[in-house]
Amino acid sequence: MPGVLPPTPSQTVGPFYGYALPFTGGGDIAPAGHPDTVTVHGYVRDGNGDPIPDAVIETWQAAPDGSLAGLPGSLRRDPVTGGFLGRNGVDFTGFGRVATDADGYWAVRTLTPPDATPYLSVCVFARGLMHHLYTRAYFTDDIPAGPLAELPAARRATLLAVPESDGLRRFDIRVQGERETVFLDFR
Amino acid sequence: MSSAELTQDHISAEIAERHEAVAKAVAEGARAPHHPPRDFTPYRSSILRHPQQPLIAVDGDPEAAELHGPVFGVTDVTDLDADLTRQHAGEPLGERITVTGRVLDRHGRPVRGQLVELWQANASGRYAHQRDQHPAPLDPNFTGVGRCLTDDQGQYSFTTVKPGAYPWRNHLNAWRPAHIHFSLFGTAFTQRLVTQMYFPGDPLFPYDPILQSVTDQAARDRLVAAYDHSLSRPEWSLGYRWDIVLDGPAATLPDPEENH
Ligand SMILES: [Fe+2]
């Protein structure tokens with residue numbers, strides 16, 4: 001049910017969010033020193049295969065115990081300087097935000113999502129992108145029945161955070177063209 | 001054609017063509033689109049940055065993680081974050097304004113205790129960002145970043161200065177109308193919104209491919225704040241009101257008001 005009020009339209013994040021949106025420890029979702037930390041990393045590329053150096057990647061996920069309630073403290077602030085303290089080292093907030101670097105590269109360090117929702121929800125913003133895009137980085141290639149499981153194998157493969165080594169998974173995002181990432185619609 | 005040769009007339013003609021196509025579809029019974037199409041080519045940077053495959057609808061899954069979302073609290077903001085004029089030793093230059101409004105879901109329910117972030121150029125139209133090379137002065141007393149949490153009515157409020165218009169390189173003589181960038185969270189990650197707020201009566205509106213990427217006039221109007229004299233403070237600041245409605249399914253929480 002779409003509701004009665006018309007929504008506020010989306011607009012591009014533009015090129016100059018860099019001093020506003022990213023925050024210290026934005027990619028350090030796993031509590032500090034947690035033994036089961038997994039790094040999810042990759043590149044964001046455009047329709048020419050060139051890196052997108054001005055994208056923002058946000059991730060949201062369930063805690064390992066299955067909770068989707070989230071916790072505050074992702075942007076924990078220093079009341080003395082107004083700066084960012086980084087997370088408190090114990091709580092799992094479920095939220096990450098990182099900007100891509102000049103190579104279009106990004107990484108978050110997190111914990112493996114639970115079997116019920118075995119993915120990071122990934123939201124992509126960029127200059128030139130009028131309206132953000134959602135995708136999912138699955139930690140299993142056994143996607144449950146539904147519209148994503150029915151995709152052709154090559155397309156479905158773009159949703160997999162590919163294991164590279166212990167504690168390291170690769171998730172590239174291709175906004176357009178060859179091996180274009182599968183993007184999702186929740187409306 | 002390089003962007004330096006691309007004229008405003010050329011871009012304006014492309015914009016008109018897209019608007020006419022949408023108006024025709026609406027006249028034939030299509031719903032007016034709320035959001036900009038991702039392939040809005042008058043904004044040249046969109047050309048290589050939009051997907052060509054259709055989005056995959058996953059709206060049938062009540063267990064989707066995206067029907068919940070990040071939460072924020074008092075540790076995530078400081079008291080000074082909502083007043084962009086008090087973040088440095090001195091006062092910034094420019095016209096002091098307050099911007100306030102409510103964040104609602106599409107059912108009109110307030111979004112409570114959620115994070116609102118904004119960023120903007122200074123009064124001269126310059127961002128405190130290394131890559132902004134517009135030869136307008138930086139202001140040592142203005143960064144242009146704000147944050148607050150919405151209250152129990154979904155209300156947010158910021159004190160800042162009115163940003164200046166600034167040039168960009170989409171085409172020859174391209175200028176952005178004055179705007180403030182906003183980032184919002186709802187109760188569900190599906191409601192995430194990044195957008196831009198504009199000021200009423202700006203003569204640059206018709207020339208700007210970013211505002212005009214919203215192809216429906218009524219939808220574009222929802223990006224423009226209202227001057228509200230009752231929000232202006234005597235001998236201090238001018239007030240603007242801008243309410244924000246988040247799209248996307250909210251978390252399926254029971255709402256007693258809806259059961260009447
Ligand atoms: Fe801007």
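Per chain, numbering begins at 1; letters A, B, ... match sequence-line order.
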Side chain, backbone, both or neither: which part of [X] has a heavy atom under 4.5 Å from chain B?
X	answer
L71(A)	backbone
A69(A)	backbone
F125(A)	side chain
N88(A)	neither
T93(A)	neither
T117(A)	side chain

Which bit of [X] is near chain A, if near means a heavy-atom gap under 4.5 Å: side chain, backbone, both or neither?
X	result
F72(B)	both
R44(B)	neither
E117(B)	side chain
W242(B)	side chain
I47(B)	backbone
P37(B)	backbone

task = Provide the closest heavy-atom pair for S213(B) versus Q11(A) in the form atom of the first, atom of the second, distance.
result = OG-NE2, 3.6 Å

remark   = Exactly one candidate in Q196(B), R220(B), H34(B), R222(B) meets side chain to side chain contact (heavy atoms under 4.5 Å, CB included) with P9(A); the answer is R222(B)

Residue-level contacts of residues 78-86 of chain B with chain A, using a heavy-atom cutoff under 4.5 Å = T78(B), D81(B)

Do [X] and [Y] come within less than 4.5 Å of each other through their side chains, counting heavy atoms only?
X	Y	answer
S10(A)	V194(B)	no
R192(B)	Y134(A)	yes
Y43(B)	M130(A)	yes
H35(B)	P7(A)	yes
L48(B)	V175(A)	no
F40(B)	H131(A)	no

inquiry  = Quick check: under 4.5 Å, non-hydrogen atoms only, which of residues 21-30 of chain A neighbour chain B?
reply    = L21(A)

inquiry  = Students often mix this up, so state it plainly: with edges at 30° and 60°, are the rings of Y19(A) and H129(B) parallel, tilted or perpendicular?
reply    = perpendicular

ask   = Is the gap between the ring centers of F186(A) and F189(B) under 6.0 Å?
value = no

